[in-house]
Amino acid sequence: MSDTPVSGSNFIRTMIAQDIENGKHGGRVGTRFPPEPNGYLHVGHTKSICLNFGIAEQFGGTCNLRFDDTNPEKESIEYINAIKRDVEWLGFQWNEEHYASDYFGQLYDYALELIDKGLAYVDSQSADDIRVNRGTLTEPGKPSPNRERSVEENRSLFEAMKAGKFADGEVVLRAKIDMGSPQMCMRDPVLYRVRHVHHHRTGDQWCIYPMYDFTHCISDAIEGITHSLCTLEFEDNRVLYDWILANISIPHKSEQTEFARLQLEYAMTSKRKLKTLVDEQIVAGWDDPRMPTVAGMRRKGYPPAAIRDFCERIGVTKKNAWISMGQLEFSVREALNDSAARRMAVLKPLKVKLTNLGKAIEIEQSNHPKDPEMGKRTLQLSDEIYIEQDDFALEPPPKFKRLIEGGEVRLRGAYVIRCDKVVTDNGVPVELECSVDLDTLGKNPEGRKVKGVIHWVDAKTGVAAEIREYGLLFNEANPAKVELEQAINPASLVIYQGFVEPAAAMATPETQFQFERTGYYVADQHDHQPEKPVFNLTVGLRDSFGI
RNA sequence: AGGGCUGUAGCCAAGUGGUUAAGGCACCGGAUUUUGAUUCCGGCAUGCGUAGGUUCGAGUCCUACCAGCCCUGCCA
């Protein structure tokens, strides 16, 4: 693995390459993506998904999908299904599908083993007392009065917990480690709590549920995970992860390595807050195109390849970094520039009469300027068309090279036209009369240069379309810093009633196009129909003029 | 008696004691263009949080300081 591509090099890949070279874990690599099914996947998760699946792929290993479903109060089957759909859509196939809840039996047995070794005890303190006695960051904790219970007593108490003899919160199982540890997670962490709730997979079989710290490391070890990759906030927990695996009789010892989570400007990567946006109907659902969820990005038209490319480009480090939205948009544009067929659409129509065209004509137009394999389609040009309001100006700004009164402009793929007359209503242009230079189809006019090229839609064959322009959902680069209501951009959705050419209208949902000179758009996953087209803005074209 | 981490350009990021500190995004020039897009060419750190030290040689090693993030859920 010495010829690892430089572009994808990061400290984790370097470490794994070394581990393989040293024959660690028998030279095998096993990773896992371990979401909790309590919400939809968001951009932040895509970094972890690409890392875990990418590493397995790169090193000839495997990557499991494992649902960390130890807190039934917040989890549901809806989220499980959504997560699976999103991972597959991103282009990854997991090796094995697991649920932490599948391990509840083994987890219980390992808890018993810790009890038998005198390394765990049942604590009958209240939650408040446990908190107070844990101490603070600068003061050590105080031992629980139940800390020295006998093995036998702990065993029967824990069995009673499992048997439902205790009410929620009445007792917990705690590891017996060190109440004076400077690391808070080592001050006798809770391993099991009592919750008389229905679990989406295990039903009413259990009324005790294991905590993350106890569950995660053991689940990793059971699955033979070699490299357990997680985000920085678990750095402190690593010492506990190692402690648990060292003190139970499990043969495999997984190793945890932490990396910085993705922080994307103008996005929100808190599942709890995203859920609030959905619950309070600030957005139309988890897959609202403004949501930084995988489902939202999909509906907005971001190709999975673009998201993977983005994750590759931003790198993996231990530094808390903020990535600009422009970085993601670059990857989206780059993917779509190659893959999206070109079409024409007018968002803010201005009617233009072509006074000397005569009979409608048909024009062949290639679907992509650089890729002939994408073929051509036929456009009709008749004596009435729509152009973009912004492509005509009564009083043009400097360097304006579109249409002005008495000026000329090229209709994309068609003729050069001259604006002869402007019909205005209260000073705003409502219709143009233009004459066509019939000697300019496929060639430049004689004796003069026409710089501007504008897009158009034929009024006779064009299809009225709803075009949704989704902007930033938040007006704060770090929306988590302020109250949710304050962070919301009230103008995050602008809807245009425009026209698209027939070859755009007839597309199936989720088809991506570049509407020339405007941006990349996608036929809406849910609402698009050929007779009632609905397109969502994916991302605008780079614009160095910026009107 | 606090502990765990992180600082390389506007934003990411490579760099593992040895030419002149990779690359990408953004930005700025210029060429091509029937998309003000794309593409192409060029520019963009005398300096690596700061200050000392070790060394023939330091972004890399040492010391001290500064700044930021995380940890006191029966959440993950």
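We name chains A, B, ... by the order of the sequence lines, and we start the count at 1 in each one. Note that the structure is predicted; figures quoted are calculated from it, not measured.
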Notebook entry, point to check: In Watson-Crick or G-U wobble terms, both distances under 3.5 Å, what is the partner of B/rU60?
Noted result: none

Note to self: Any residue in residues 257-268 of chain A with a heavy atom nearer than 4.0 angstrom to RNA chain B? Just list them by number, or reply none.
What the structure shows: none

Item checked: B/rU19: pairing nucleotide in any strand, Watson-Crick or G-U under 3.5 angstrom -> none

Check: If every non-hydrogen atom of A/Lys271 is compared with every non-hydrogen atom of A/Glu36, which pair is closest and at what distance?
Finding: NZ-O, 3.0 Å

Check: Using atom P of each nucleotide, how far apart are B/rA22 and B/rU34 to the nearest Å?
Finding: 38 Å

Check: With both distances kept under 3.5 Å, what pairs with B/rU6, Watson-Crick or G-U wobble?
Finding: B/rA67

Check: On a whole-Å scale, what distance lies between the P atoms belonging to B/rA58 and B/rU19?
Finding: 11 Å

Next item on the list: Using both distances under 3.5 Å as the test, list the Watson-Crick or G-U wobble partner of B/rU33, or none.
Entry: none

Item checked: B/rU38 and B/rG52, which share atom name P, separated by this distance in whole Å -> 47 Å

Note to self: Using atom C1' in both nucleotides, what's the gap between B/rA45 and B/rG59 to the nearest angstrom?
What the structure shows: 12 Å

Notebook entry, point to check: If we only count heavy atoms from C-beta on, is the A/Leu541 to A/Gln514 side-chain gap below 4.5 Å?
Noted result: yes

Note to self: Can you check the distance between B/rG7 and B/rC48, where both ends of the measurement are the P atom (answer in whole Å)?
What the structure shows: 15 Å

Note to self: Pair A/Phe535, A/Phe515 - check ring pair (Phe, Tyr, Trp, His ring centres under 6.0 Å), show working.
What the structure shows: CA-CA 10 Å; A/Phe535 287 94; A/Phe515 289 164; 5.1 Å; yes

Check: In the structure shown, which nucleotide is the Watson-Crick or G-U wobble counterpart of B/rC27, with both distances under 3.5 Å?
Finding: B/rG43

Could you pull out the protein-nucleic contacts involving nucleotides 26-29 of chain B (nitrogen or oxygen on both sides, under 3.5 Å)?
none

Notebook entry, point to check: What interatomic distance, in whole Å, is found between C1' of B/rC62 and the corresponding atom of B/rG17?
Noted result: 13 Å

Checklist line | Pairwise P distance, B/rC27 and B/rG73 [rounded to whole Å] | finding: 45 Å

Notebook entry, point to check: Quick one: side chain to side chain donor-acceptor pair (under 3.5 Å) partners of A/Glu334, sequence neighbours excluded?
Noted result: A/Arg313

Notebook entry, point to check: Does a side-chain N-to-carboxylate-O contact under 4.0 Å join A/Glu501 and A/Arg377?
Noted result: yes

